[in-house]
Amino acid sequence: MRAIVLLCLLHAAFGQNTYSWNGPGREEVNTDPNADSACQTDQGSCGCCLMVRTVNRLRTYFGTSLNELEKVYLQTNQSLSKIEASRTAFSACLYNDDNFKCFGPFAVNNRIIYEHVFLNLGNSYNAKTGIFTVRHSGVYSLALTVYSDAGAPGNKLAACAGLQINGQTVAGSKDQNTNDQEDSSSIVMAIHLKAGDQVSVNLPIGCFLCDDSSHYNTFSAFLLYTE
């Protein structure tokens, strides 16, 4: 800005053709005290002022545009932070051992603890308790796979489990017979959950599930969208 003003002043000084004194052969210059603009008497100063005004207008325009862009950036960054904070997804399986083994049967209902965790975004699933705790209200997708092996033909097969929310069964799978040595089933549902809700899987009395590193029994959930 200083450089522009200096150039304008130099232009005004060297470009001015009238003087305040009468030299030889020169007549007195009469200026109009009622002139509408300084541009009528001093073209150099007028050009300088116009340039300075233009620069100031550009500075104001770009300053305002920059402020608006900064506001949009802050709003976008805040929205992204909320999305990242609300990321919720987990998937776990019953066992991850090479040896095939079963969970159950028991004389009472038991919560199934899925020991091997594939994914736990948001740390909402507790591998020690088998409980998925909802941290953000919204619509969730819940999925459960059930598999059991009676061990030999003719043995009783009892492949059953119930998907529970706050201790209440919302969906279940039950297969008890002596005709099948092994069987499996799946449950997938979308459901609205509130912050603080607890989701778990219940093993009913007399039922048992079997698993190994093939991961036949899985429990998964993820947030579709928040409220």
Side-chain angles (χ1 to χ4, degrees), residues 87-226:
R87 289 187 305 175
T88 301
F90 91 92
S91 185
C93 66
L94 186 58
Y95 298 128
N96 193 39
D97 299 335
D98 292 333
N99 297 325
F100 189 80
K101 59 181 181 180
C102 298
F103 180 78
F106 302 105
V108 295
N109 292 337
N110 267 266
R111 182 189 306 132
I112 301 174
I113 299 177
Y114 295 83
E115 298 180 355
H116 182 69
V117 178
F118 299 110
L119 176 71
N120 194 13
L121 289 179
N123 296 317
S124 297
Y125 175 72
N126 190 327
K128 294 182 179 180
T129 63
I131 296 176
F132 164 61
T133 302
V134 177
R135 302 189 185 281
H136 304 279
S137 299
V139 176
Y140 286 77
S141 174
L142 304 179
L144 176 67
T145 61
V146 177
Y147 172 83
S148 186
D149 190 333
N155 291 345
K156 183 180 180 180
L157 176 70
C160 38
L163 190 61
Q164 295 188 331
I165 299 175
N166 299 327
Q168 300 297 319
T169 301
V170 294
S173 175
K174 184 176 182 180
D175 187 3
Q176 295 179 326
N177 63 74
T178 57
N179 299 322
D180 300 325
Q181 178 179 334
E182 57 181 349
D183 209 342
S184 63
S185 62
S186 299
I187 298 173
V188 179
M189 63 186 304
I191 190 169
H192 180 270
L193 298 174
K194 296 181 179 180
D197 285 345
Q198 293 187 335
V199 184
S200 60
V201 181
N202 176 62
L203 182 72
I205 298 173
C207 297
F208 58 96
L209 304 181
C210 305
D211 207 355
D212 57 17
S213 58
S214 295
H215 310 139
Y216 301 114
N217 290 275
T218 61
F219 176 32
S220 306
F222 63 87
L223 175 63
L224 292 173
Y225 61 86
T226 59

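- Sequence neighbours left out, the pairs with a member in residues 186-199 that pass side-chain hydrogen bond (donor to acceptor under 3.5 Å, both in side chains) are N166-D197, H192-E227.
- Rounded to the nearest 0.5 angstrom, L144 CG and I187 CD1 are separated by 5.0 Å.
- A donor-acceptor pair under 3.5 Å is absent between the side-chain atoms of N202 and the main chain of S200, judged by distance alone.
- Between F219 and V199, the shortest heavy-atom contact is CZ-CG1, 3.9 Å.
- Here C93 pairs with nothing under the disulfide bond (SG atoms under 2.5 Å apart) rule; sequence neighbours left out.
- Among residues two or more places apart in sequence or in another chain, the ring-ring contact (aromatic ring centres under 6.0 Å, His included) test is passed with Y147 by Y216.
- Not counting sequence neighbours, the partners of H116 by the ring-ring contact (aromatic ring centres under 6.0 Å, His included) test are F118, H215.
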- [ ] List the steps, then state whether side chain to side chain contact (heavy atoms under 4.5 Å, CB included) holds for V139 with I191.
- [x] CA-CA 6 Å; V139 176; I191 190 169; over 6 Å; no

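- Applying the salt bridge (Lys or Arg N to Asp or Glu O under 4.0 Å) test to D97 and every residue at least two apart in sequence or in another chain returns K101.
- Listed by first and then second residue, the side-chain hydrogen bond (donor to acceptor under 3.5 Å, both in side chains) pairs that reach into residues 148-162 are D149-Q181, sequence neighbours excluded.
- Residues Q176 and C207 form a side-chain contact, since some pair of their non-hydrogen atoms from C-beta on lies under 4.5 Å apart.
- Partners of Y125 under the ring-ring contact (aromatic ring centres under 6.0 Å, His included) rule, at least two apart in sequence or in another chain, are F90.
- The structure places CG of N99 at 8.5 Å from CG of D212, a figure rounded to the nearest 0.5 Å.
- Closest approach of N217 and D211 over heavy atoms only: N-OD2, 3.4 Å.
- In this structure, the side chain to side chain contact (heavy atoms under 4.5 Å, CB included) partners of A195, at least two apart in sequence or on a different chain, are S137.
- Nearest heavy-atom pair across V146 and C160 is CG1-N, 4.1 Å.
- Contact between F208 and G104 at its shortest, heavy atoms only, is CB-C, 3.5 Å.
- Taking both residues in full, the closest heavy atoms of D180 and L157 are given as O-CB, 3.4 Å, listed atom of the first, atom of the second, then distance.
- Listed for the R135 side chain is a donor-acceptor partner under 3.5 Å among the backbone atoms of N123.
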Open item on the list: Working note: F103 + I113, criterion side chain to side chain contact (heavy atoms under 4.5 Å, CB included); need CA distance, chi angles, decisive distance, verdict.
Closed with: CA-CA 9 Å; F103 180 78; I113 299 177; 5.9 Å; no

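- Applying the side chain to side chain contact (heavy atoms under 4.5 Å, CB included) rule to L121 yields the partners A89, L119; only residues at least two apart in sequence or on another chain are considered.
- Among residues two or more places apart in sequence or in another chain, the ring-ring contact (aromatic ring centres under 6.0 Å, His included) test is passed with F100 by none.
- Between Y114 atom OH and T129 atom OG1 the span is 13.0 Å, to the nearest 0.5 Å.
- Closest non-hydrogen pair, A161 versus V201, comes out as CB-CG1, 3.9 Å.
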Open item on the list: Applying side chain to side chain contact (heavy atoms under 4.5 Å, CB included) to T133 and N126, what does each step give before you reach the verdict?
Closed with: CA-CA 8 Å; T133 302; N126 190 327; over 6 Å; no

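- Residues L94 and I112 form a side-chain contact, since some pair of their non-hydrogen atoms from C-beta on lies under 4.5 Å apart.
- Partners of S220 by side-chain hydrogen bond (donor to acceptor under 3.5 Å, both in side chains), not counting sequence neighbours, listed by chain and number: S91.
- One finds the CD1 atom of I205 at 10.0 Å from the CG atom of L203 (value rounded to the nearest 0.5 Å).
- Shown here are the side-chain hydrogen bond (donor to acceptor under 3.5 Å, both in side chains) partners of T169, two or more places apart in sequence or in another chain: Q164.
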